[in-house]
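For reference, the structure discussed in these notes is given below.
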Amino acid sequence: MTEILRRPRVLAAATRILAVLLLPVAFLRSPARCRYLACQWALAMRYPAEDLAGLSAPAHAAFTAARTEAFWRDRQLIGLTSGHRDAAHQHRLFTDAVRRTGSVTEARRWVLPPHESAHVRGTALDVRPTEGAAWLERHGSAYRLYRRYDNEWWHFEYHADTVPLRLPYPDACRPSTMVRMAG
């Protein structure tokens with residue numbers, strides 16, 4: 001058990017050391033942005049499967065700025081598990097959830113159909129680890145990144161002009177759901 005708890009700490013420490021080692025190369029590339037570049041390179045090596053492509057430009061900029069600050073100021077790593085999804089992928093996730101839960105209503109508590117998903121719009125981010133999500137929940141509003149759902153500690157959305165309502169789960173705002181909850 002101790003080994004399982006130690007592994008993420010070792011990987012986080014190695015990622016921080018790697019970023020420090022990358023600083024001179026990043027400085028040669030862009031002196032004004034060297035900390036940003038070194039952080040992004042190190043995190044790309046730590047989380048090689050993450051894909052920031054398809055995020056809207058403002059969501060991408062907000063996320064990379066937030067994770068850079070978390071990394072250098074608070075020594076916190078934030079990885080991306082899932083960002084933009086095309087409509088076909090979101091549809092597969094939704095139909096899988098319907099099959100798994102046995103109902104559309106129950107599936108919508110965890111996955112929204114493509115036409116309602118912020119992932120399809122490129123403004124939603126599923127992050128990891130839990131400590132990174134906790135950092136983003138505390139500091140994300142400075143970057144216009146907000147945790148949206150009580151039942152999804154990992155799900156954040158970029159909102160440029162508004163502070164979105166925090167919901168218990170993704171489908172909580174539908175009128176039929178609200179009537180059911182009230183009645």
Side-chain angles (χ1 to χ4, degrees), residues 4-86 89-90 93 111-112 117-167 170:
I4 292 171
L5 295 174
R6 193 175 305 143
R7 187 170 186 263
R9 288 186 191 138
V10 170
L11 290 172
T15 304
R16 286 191 293 273
I17 291 167
L18 179 61
V20 170
L21 293 173
L22 288 169
L23 276 171
V25 176
F27 182 82
L28 291 174
R29 178 137 184 226
S30 177
R33 298 181 65 219
C34 63
R35 288 169 52 97
Y36 171 85
L37 290 174
C39 173
Q40 300 313 309
W41 294 339
L43 288 173
M45 289 182 220
R46 169 63 183 94
Y47 302 115
E50 76 178 13
D51 184 4
L52 301 176
L55 289 176
S56 70
H60 185 279
F63 177 65
T64 56
R67 74 195 278 188
T68 300
E69 181 177 343
F71 187 86
W72 292 111
R73 189 184 81 192
D74 297 322
R75 301 179 61 191
Q76 180 58 60
L77 276 59
I78 302 175
L80 183 70
T81 303
S82 180
H84 173 262
R85 299 179 192 143
D86 65 34
H89 182 198
Q90 187 69 25
L93 291 173
V111 181
L112 292 174
S117 173
H119 283 286
V120 174
R121 291 190 301 272
T123 58
L125 309 154
D126 292 345
V127 302
R128 63 181 165 174
T130 55
E131 299 84 7
W135 187 96
L136 202 53
E137 188 166 359
R138 285 189 310 276
H139 305 284
S141 64
Y143 300 92
R144 313 299 291 164
L145 296 169
Y146 302 94
R147 181 172 164 203
R148 287 301 316 276
Y149 310 121
D150 291 334
N151 72 331
E152 295 184 1
W153 59 262
W154 57 86
H155 183 91
F156 291 80
E157 293 180 12
Y158 175 79
H159 289 266
D161 301 323
T162 61
V163 176
L165 181 64
R166 174 83 167 259
L167 303 171

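Looking only at side-chain heavy atoms (C-beta outward), Phe156 and Val127 come within less than 4.5 Å of each other. When side chains are defined from C-beta on, Arg73 counts as touching His139, because their heavy atoms get closer than 4.5 Å.
Annotation: ring pair (Phe, Tyr, Trp, His ring centres under 6.0 Å) contacts of His155 (sequence neighbours excluded): His119, Tyr149. With sequence neighbours left out, the ring pair (Phe, Tyr, Trp, His ring centres under 6.0 Å) criterion links His89 to no other residue. Every residue two or more places apart in sequence or in another chain was checked for a side chain to side chain donor-acceptor pair (under 3.5 Å) with Asp86, and none qualifies.
To the nearest 0.5 Å, atoms SG (Cys39) and CZ (Arg33) are separated by 11.5 Å. In this structure, Leu112 CG and Gln90 CD are separated by 7.0 Å, a value rounded to the nearest 0.5 Å.
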Extract all donor-acceptor atom pairs below 3.5 Å that involve side chains of residues 40-64 and protein atoms in other chains or at least two apart in sequence.
{"residue": "Gln40", "atom": "NE2", "partner": "Thr64", "partner atom": "O", "Å": "3.4"}
{"residue": "Gln40", "atom": "NE2", "partner": "Thr68", "partner atom": "OG1", "Å": "2.7"}
{"residue": "Glu50", "atom": "OE1", "partner": "Leu80", "partner atom": "N", "Å": "2.7"}
{"residue": "Glu50", "atom": "OE2", "partner": "Arg67", "partner atom": "NH1", "Å": "2.9"}
{"residue": "Glu50", "atom": "OE2", "partner": "Arg67", "partner atom": "NH2", "Å": "2.8"}
{"residue": "Asp51", "atom": "OD1", "partner": "Ala53", "partner atom": "N", "Å": "2.9"}
{"residue": "Ser56", "atom": "OG", "partner": "Ala59", "partner atom": "N", "Å": "3.2"}
{"residue": "Thr64", "atom": "OG1", "partner": "Tyr36", "partner atom": "OH", "Å": "3.2"}
{"residue": "Thr64", "atom": "OG1", "partner": "His60", "partner atom": "O", "Å": "3.0"}
{"residue": "Thr64", "atom": "OG1", "partner": "Ala61", "partner atom": "O", "Å": "3.3"}

Show the atom names and distances, to 0.1 Å, of all donor-acceptor pairs under 3.5 Å that link a side chain in residues 12-32 to residues at least two apart or in another chain.
{"residue": "Thr15", "atom": "OG1", "partner": "Leu11", "partner atom": "O", "Å": "2.7"}
{"residue": "Arg16", "atom": "NH1", "partner": "Arg75", "partner atom": "O", "Å": "3.1"}

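Sorted by first and then second residue, the salt bridge (charged side-chain N to carboxylate O under 4.0 Å, His left out) pairs with a member in residues 123-149 read Arg85-Asp126, Glu137-Arg147, Glu137-Arg166, Arg148-Glu157; sequence neighbours excluded.
Looking at Trp135, its side chain never comes within 3.5 Å of a backbone N or O of Ile78 through a donor-acceptor pair.
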